[in-house]
Enquirer: 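My structure is below; once you've seen it, I'll send some questions.
Because the structure is a prediction, the values reported are computed rather than measured. Hydrogens, waters and symmetry mates are skipped; everything else that's a heavy atom, side chains included, is used.
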Amino acid sequence: MTDRHHLLVHGGTFAAVGDGGDISGVRGGGSSPDGLFVRDARHLSRWQLTVDGAVPEALSPVADGDTARCVLVPRGGRQEPPAHTLFREQAVGDGSFVESLRITSNRPVATTVRLAVTADADFTDQFELRSDHRTYTKTGATRTREVLDDGVEFGYQRREWRSSTTVTAEPAPDGVEETGTGARRLVWTLDLEPHGTAELTLRVMARPHGDRRTRRVPSSPAALNRQLLAMEGEFVEGVAFPTGWPELAAACARGLADLASLQVPATGPDGEDLRVPAAGAPWFLTLLGRDALLTALFALPYRPQLAAATLPALAATQATEIGAASVAQPGKIVHEVRHGELAHFEQVPYGRYYGSVDATPLFLVLLGAYVEQTGDAALARRLESHARAAIGWMLDHGGLTSRGYLVYRADQGGLANQNWKDSPGSICGADGTRPNGPVMAAGAQGYAYDALRRTAWVARTVWGDETYAALLEQAAADLRDRFQRDFWMPDRSFPALALDGEGGQVDALASDAGHLLWSGLLDKEYGELVGRRLLEPDFFSGWGVRTLASGQSAYHPLSYHRGSVWPHDNALITLGLARYGLHDEARAVAHGLVDAATATGHRLPEVLAGYGRESHGEPVPYPHACVRESRSAAAPLALLTAVGGA
């Protein structure tokens, strides 16, 4: 077997299986976790098939798709054709995993085969599987295994925290064996007629802590696949795709289908159940404020229900008091919501973590855009207090009044950078030097400007508050004047990436300037200079605009934020180019992204390496990217908005 993992995603559940459908149980360190995960916990840590005591090899390995299918045979040579063939099919549902297994004899005589599936559930929190190799104390934690008539149940308890995984089979196993490791081996002795066939179905039900719903595991992978296809079809139905650009149409359809599978449960201000876009699989299958807001903005003209769910879900988690560990401040919109054991016991700060400088203005941008797009003033009335609190945060704790800009400080227990480029070292000068003290990132100021203007419009047209609207419009105008004075670098005809704590310019040439076009912060002359500069060869790789222009000491094509190409970043840039009338440039970026999607099965990954198209004719994947990511899934819709079917 190889160590490749194939992702199956359904809402808040995902499985990562190998080429032969197995889960290895190897802990941590890789770019993709291994197992069945529900609500940040691993509910299957081992799932290994053996036949007559040996692991079969993949004749036809698992391919990408919503269902994992593979064909397996016993290991052997050319002189000894396989005695039997196994056909394996797997799918995930809401908290469930289903496998159908068919074994067919290739012999003209009756044979007996001993088939076994070794299963285990270690209930490891996802944060324990990350590559930072941190360890966490779990005093008093216990694990149990209970043999059932048709399978086995694994349990976990730590104080009030309880979770379980139940494995059942049809037909029931002949026995359930101990392995000496905590895993259990389900065993069948199968008598096969000449060229005969036997079939098994295994079902896994995960019950994470706090889940009291009554659920049934679907009968088969085929039944689960029908559910998912119906859900995807509902998302795609009714969207008018461009007939003259089939590659963009295919990318939009693939993106909408992925968005359907990335919907996770959330709760609104009145306790209502909602479904919102998760950030991405495997590491971020949860609500991230910035990611959900941008996804909903990209999809707004086509699927406004994403915004209609995202806004109240984020209003319900809006901070109301100061929290040092969570970086919470009154009015601030949440950055990340986690449901796992470590978050529950506050061993990581991400239960509700507010380390984002830009989620709050983006919340206001989406609210204004939603009302303008749909005419649904009722939601703006319902969320008026939340919107005013968000404005209050921007003006007060956010820094607009005291510093003139939205500002963040490195969080020692969480994120050092709290704009969209949130990896360490992503905010830097051209030589790679990191700023000291507070940081005022350029892109966040653009979002703040747009948020002030859009909320002024909502205040005037929906809330009937002319005085408040005028105050916000003046604040926006003042911010624009300050920004062009303080951020613009005349010698480079380009805005700085950020200001440091002393007001000095952080002078790296970065893609964030394109976000200023999307928000309209730059005047026409500066905007046109920036837009054309982003299409120069040091920025534009042929697949998209690099996060950092090449030729600078800080540039690295395989850095997460210092030279890579992000589809959602480029979607914002394309919308901004179109806003400033730079339609040829917008089409160039859109065509690069669509070509990249076409080369990868019409699915845009979270991020691509920054290598130029002229030196390598295929897009190079970034090694640790989310395979499915909501912003990237929605990015083709933003391209459609920006350039149509051109």
Side-chain angles (χ1 to χ4, degrees), residues 251-252 255-256 258-259 262-264 266 276-280 284-311 313-314 317 333-337 355-370 372-373 390 406 417-422 441-451 454 511-512 514-521 544-545 547 561 565-576 578-579 589 593 604-607 625-626 628-642:
C252 289
L256 283 166
D258 282 349
L259 287 174
L262 286 169
Q263 302 300 295
V264 295
V276 297
F284 298 103
L285 202 59
T286 189
L287 174 62
L288 267 64
R290 178 193 303 119
D291 299 60
L293 289 161
L294 288 173
T295 298
L297 277 161
F298 292 164
L300 182 57
Y302 314 98
R303 283 292 173 263
Q305 63 265 40
L306 291 180
T310 297
L311 287 164
L314 291 174
T317 54
I333 294 299
V334 75
H335 169 64
E336 184 171 353
V337 177
S356 166
V357 74
D358 48 15
T360 306
L362 286 171
F363 173 81
L364 296 166
V365 171
L366 179 60
L367 179 61
Y370 173 80
E372 184 178 3
Q373 176 74 39
L406 291 185
N417 286 308
Q418 296 173 19
N419 63 321
W420 84 265
K421 291 178 176 175
D422 57 4
Q445 315 315 322
Y447 306 158
Y449 172 76
D450 199 15
R454 289 186 182 274
S511 62
D512 304 59
H515 297 216
L516 306 176
L517 306 182
W518 175 63
S519 61
L521 183 57
V545 176
T547 47
H561 289 122
V565 174
W566 286 66
H568 95 271
D569 183 28
N570 278 264
L572 289 170
I573 291 169
T574 306
L575 290 166
R579 177 174 184 159
V589 177
L593 272 188
L604 285 167
E606 176 190 23
V607 55
C626 282
R628 301 201 194 174
E629 207 253 9
S630 60
R631 293 174 301 178
S632 291
L637 300 173
L639 303 182
L640 180 59
T641 300

Enquirer: For a quick test of reading the model, state the closest non-hydrogen atom pair linking Gly443 to Leu516 and the distance between them.
Expert: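 So the minimum-distance heavy-atom pair works out to CA-CD2, 4.2 Å.
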Enquirer: Where is the tightest heavy-atom contact between Ala292 and Leu287, given as atom of each residue plus distance?
Expert: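 The pair with the smallest heavy-atom distance is CB-CD1, 3.7 Å.
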Enquirer: Any side-chain heavy atom of Pro301 within less than 4.5 Å of one from Gln373?
Expert: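 Contact flag for Pro301/Gln373 side chains = yes.
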Enquirer: Residues two or more places apart in sequence or in another chain: which of them pass salt bridge (Lys or Arg N to Asp or Glu O under 4.0 Å) with Asp291?
Expert: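 Salt bridge (Lys or Arg N to Asp or Glu O under 4.0 Å) list for Asp291, sorted by chain: Arg631.
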Enquirer: CZ of Phe284 to CD of Glu336: how many Å apart, nearest 0.5 Å?
Expert: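 With rounding to 0.5 Å, CZ (Phe284) is 6.0 Å from CD (Glu336).
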Enquirer: Return the minimal non-hydrogen interatomic distance between Ala278 and Val264, and the atom names on each side.
Expert: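 Closest approach of Ala278 to Val264, heavy atoms only: CB-CG1, 3.6 Å.
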Enquirer: When you compare the side chain of Tyr447 with that of Leu521, does any pair of heavy atoms fall below 4.5 Å?
Expert: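 Leu521 vs Tyr447: side chains apart.
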Enquirer: Could you walk me through whether His515 and Asp569 pass the side-chain hydrogen bond (donor to acceptor under 3.5 Å, both in side chains) test, one step at a time?
Expert: CA-CA 8 Å; His515 297 216; Asp569 183 28; 2.5 Å; yes
Enquirer: Kindly say whether Trp566 contributes a backbone atom to a donor-acceptor pair with the side chain of Asn570 at under 3.5 angstrom?
Expert: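 Pair found, side chain donor or acceptor close to backbone of Trp566.
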Enquirer: Looking at residues at least two apart in the chain, or sitting in another chain, which of them share a side-chain hydrogen bond (donor to acceptor under 3.5 Å, both in side chains) with Glu372?
Expert: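 Once residues adjacent in sequence are excluded, the partners of Glu372 under the side-chain hydrogen bond (donor to acceptor under 3.5 Å, both in side chains) criterion are Arg454.
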Enquirer: Check whether any side-chain N or O of Glu606 sits under 3.5 Å from a backbone N or O of Cys626 as a donor-acceptor pair, and report yes or no.
Expert: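 At least one qualifying donor-acceptor pair exists.
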Enquirer: Thr295 and Leu259: side chain to side chain contact (heavy atoms under 4.5 Å, CB included), yes or no, with the steps?
Expert: CA-CA 9 Å; Thr295 298; Leu259 287 174; 3.6 Å; yes
Enquirer: I need the full list of side chain to side chain donor-acceptor pair (under 3.5 Å) pairs touching residues 357-368, with sequence neighbours left out, sorted by first then second residue.
Expert: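 Found Arg290-Asp358, Ser356-Asp358.
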Enquirer: Looking at side-chain heavy atoms only, is the closest gap between Leu311 and Tyr370 below 4.5 Å?
Expert: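 Leu311 reaches Tyr370 side chain to side chain.
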Enquirer: Would the distance check show the side chain of Gln445 and the main-chain N or O of Leu406 forming a donor-acceptor pair, the cut-off being under 3.5 Å?
Expert: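 Yes; at least one donor-acceptor contact below 3.5 Å.
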Enquirer: Please tell me if the side chains of Asp512 and Asn419 come closer than 4.5 Å, counting only heavy atoms from C-beta onward.
Expert: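 Yes; the side chains approach each other to less than 4.5 Å.
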Enquirer: About how many Å separate CG of Leu314 and CG of Leu288, when rounded to the nearest 0.5 Å?
Expert: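 Here the interatomic distance stands at 10.0 Å.
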Enquirer: Ser630 side chain to Ala279 main-chain N or O, any donor-acceptor pair under 3.5 Å?
Expert: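 Answer holds: yes.
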Enquirer: Tell me the closest heavy-atom pair linking Leu604 and Ala635, and the distance in Å.
Expert: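 Taking Leu604 first and Ala635 second, the nearest heavy atoms are CD1-CB, 4.3 Å.
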Enquirer: For Leu262 and Leu285: C-alpha separation, side-chain torsions, deciding distance, then whether side chain to side chain contact (heavy atoms under 4.5 Å, CB included) applies.
Expert: CA-CA 7 Å; Leu262 286 169; Leu285 202 59; 3.7 Å; yes
Enquirer: Nearest heavy-atom pair of Pro361 and Ala451: which atoms, and what distance?
Expert: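 Heavy atoms of Pro361 and Ala451 come nearest at O-CB, 3.4 Å.
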Enquirer: Would you check if Thr547 and Lys421 make a side-chain contact, meaning some heavy-atom pair closer than 4.5 Å?
Expert: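 Yes, their side chains come closer than 4.5 Å.
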Enquirer: Just by modelled atom types, is the Ala308 backbone N or O under 3.5 Å from a matching donor or acceptor in the Gln305 side chain?
Expert: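 A pair under 3.5 Å: no.
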Enquirer: Decide yes or no for Val607 and Val565: does some side-chain heavy atom of the first lie under 4.5 Å from some side-chain heavy atom of the second?
Expert: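 Side chain of Val607 against side chain of Val565, heavy atoms only: no contact under 4.5 Å found.
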Enquirer: Answer yes or no: is there a donor N or O on one side and an acceptor on the other, between the side chain of Thr310 and the main chain of Leu293, under 3.5 Å?
Expert: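 Not at all, since once roles are kept as given, no pair shorter than 3.5 Å links the two residues.
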Enquirer: With rounding to the nearest 0.5 angstrom, report the NE2 to CG distance, His561 to Asp422.
Expert: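 It is 5.5 Å, given to the nearest 0.5 Å.
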Enquirer: For residues Val334 and Ala359, report the shortest heavy-atom separation together with the two atoms involved.
Expert: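 Closest approach of Val334 to Ala359: O-CB, 4.0 Å.
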Enquirer: About how many Å separate CG of Leu300 and CG of Leu306, when rounded to the nearest 0.5 Å?
Expert: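 Spacing of CG (Leu306) from CG (Leu300) equals 9.0 Å.
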Enquirer: What's the spacing between Leu572 CG and Ser519 OG if we round to 0.5 Å?
Expert: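 Interatomic distance, Leu572 CG to Ser519 OG, rounded to 0.5 Å: 9.5 Å.
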Enquirer: So, Ser632 side chain and Arg628 main chain: donor-acceptor pair closer than 3.5 Å or not?
Expert: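 No; zero donor-acceptor contacts below 3.5 Å.
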Enquirer: Counting C-beta onward and ignoring hydrogens, is there a side-chain heavy-atom pair between Phe298 and Leu575 closer than 4.5 Å?
Expert: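 Yes, close enough: below the 4.5 Å cut-off.
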Enquirer: Quick check for you: to the nearest 0.5 Å, what is the distance between Leu297 atom CG and Leu294 atom CG?
Expert: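 That separation rounds to 6.0 Å.
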